[in-house]
Amino acid sequence: MWDVTVIEDPAAAEVSLDPIRARLLAELAAEPASATMLSARVGLARQKVNYHLKALERHGLVELVGERRKGNVTERLMRATAASYVISPVALSAVEPDPARFRDQLSARWLLAVAARLVRDVGTLITGAARARKRLATYALDGDVRFASAADRAAFVEELTRGVGALIAKYHDESAKGGRDHRIVVALHPAVKPGRAPAATGTTTGTTTGTDPAASPAAPARITTPQADQDQQVQQD
């Protein structure tokens with residue numbers, strides 16, 4: 001089972017968004033179960049559960065992990081193919097966001113369009129790498145910083161832009177034979193606290209990702225470099 005996987009097929013996305021099927025996916029992400037076992041948990045007849053499981057299996061959202069005899073019946077033990085799912089903008093290709101339509105580095109909506117493209121591109125890469133049985137090299141940096149003022153935040157953005165620009169200028173090689181293009185996304189937005197609307201200033205979350213595509217702060221910044229999955233650490237050939 002994958003920790004997270006992407007749904008690109010519109011029909012699979014529709015199946016996953018059904019409340020009952022979403023509940024079954026959650027149950028099967030926790031542990032394998034049969035239709036009979038799930039029936040008691042979700043309050044549906046076994047036949048109804050079987051119907052929903054077949055739809056989920058048809059779209060690759062659940063898989064058979066074993067069978068067991070119970071009286072005269074052979075029960076199929078099913079498991080979710082991932083602990084969680086992300087629906088790619090590809091599933092809504094006719095209306096998916098396109099950051100190329102406009103560019104405004106200070107627009108939250110443009111940031112949302114860039115994030116959607118990130119989900120789409122990484123999802124496509126993961127799907128392709130899985131089919132080719134190859135590993136995918138990616139990197140992500142996630143952290144929090146608390147700014148004392150809007151002026152500090154603006155200064156931080158200016159320094160960050162200069163720093164990233166300098167690194168790109170240092171390592172970018174347009175003429176490198178055998179080189180491979182990578183996309184860099186750097187995002188900064190106010191942190192969202194559960195049950196509270198984000199303030200105009202204050203704690204800000206910053207995220208930097210590198211994907212293979214196509215006055216001083218009131219508190220020290222906290223940066224987390226996640227442990228990357230073993231299956232995604234070697235560059236694709």
Can you check whether [Y]'s main-chain N or O pairs, donor with acceptor, with [X]'s side chain at less than 3.5 Å?
{"X": "S88", "Y": "V6", "answer": "no"}
{"X": "S39", "Y": "A35", "answer": "no"}
{"X": "R76", "Y": "N50", "answer": "no"}

Show me, pair by pair, the donor-acceptor contacts under 3.5 angstrom made by side chains of residues 92-106, not counting sequence neighbours?
| unit_1 | atom_1 | unit_2 | atom_2 | d |
| --- | --- | --- | --- | --- |
| E96 | OE1 | R120 | NH1 | 3.4 |
| D98 | OD1 | A100 | N | 3.0 |
| D104 | OD1 | L106 | N | 3.1 |

Derivation and outcome, side chain to side chain contact (heavy atoms under 4.5 Å, CB included), residues V49 and L24: CA-CA 8 Å; V49 172; L24 294 174; 4.3 Å; yes

For the pair T161 and E158, evaluate side chain to side chain contact (heavy atoms under 4.5 Å, CB included) and give the outcome as yes or no after the intermediate values. CA-CA 5 Å; T161 303; E158 184 178 349; 5.9 Å; no

Nearest 0.5 angstrom please: [X] [atom1] to [Y] [atom2], how far?
{"X": "Y171", "Y": "I184", "atom1": "OH", "atom2": "CD1", "value": "11.5 Å"}
{"X": "E75", "Y": "E67", "atom1": "CD", "atom2": "CD", "value": "10.5 Å"}
{"X": "R68", "Y": "L77", "atom1": "CZ", "atom2": "CG", "value": "5.5 Å"}
{"X": "I87", "Y": "D9", "atom1": "CD1", "atom2": "CG", "value": "11.0 Å"}
{"X": "T138", "Y": "H182", "atom1": "OG1", "atom2": "NE2", "value": "9.5 Å"}
{"X": "T81", "Y": "E57", "atom1": "OG1", "atom2": "CD", "value": "10.5 Å"}

Shortest non-hydrogen contact from [X] to [Y]?
{"X": "A116", "Y": "P89", "value": "O-CG, 3.3 Å"}
{"X": "L25", "Y": "Y85", "value": "CD2-OH, 3.8 Å"}
{"X": "A29", "Y": "M1", "value": "O-CE, 3.6 Å"}

Assess the side chains of S16 and D18: does a donor N or O sit below 3.5 Å from an acceptor N or O? no

Is there a path of hydrophobic side-chain contacts, each under 4.5 Å between heavy atoms of I/L/V/M/F/W/Y residues, joining [Y] to [X]?
{"X": "V186", "Y": "L111", "value": "no"}
{"X": "V90", "Y": "I126", "value": "no"}
{"X": "L28", "Y": "L64", "value": "yes"}
{"X": "I20", "Y": "L38", "value": "yes"}
{"X": "L61", "Y": "Y51", "value": "no"}

Got a sec: does the CZ of R69 have more than 12 other heavy atoms crowding it under 6.0 Å? yes

Are there over 12 heavy-atom neighbours, none belonging to R109, within less than 6.0 Å of that residue's CZ? no

From L56, L53, V62, residue fulfilling side-chain contact (heavy atoms from CB on, under 4.5 Å) relative to R21: L56

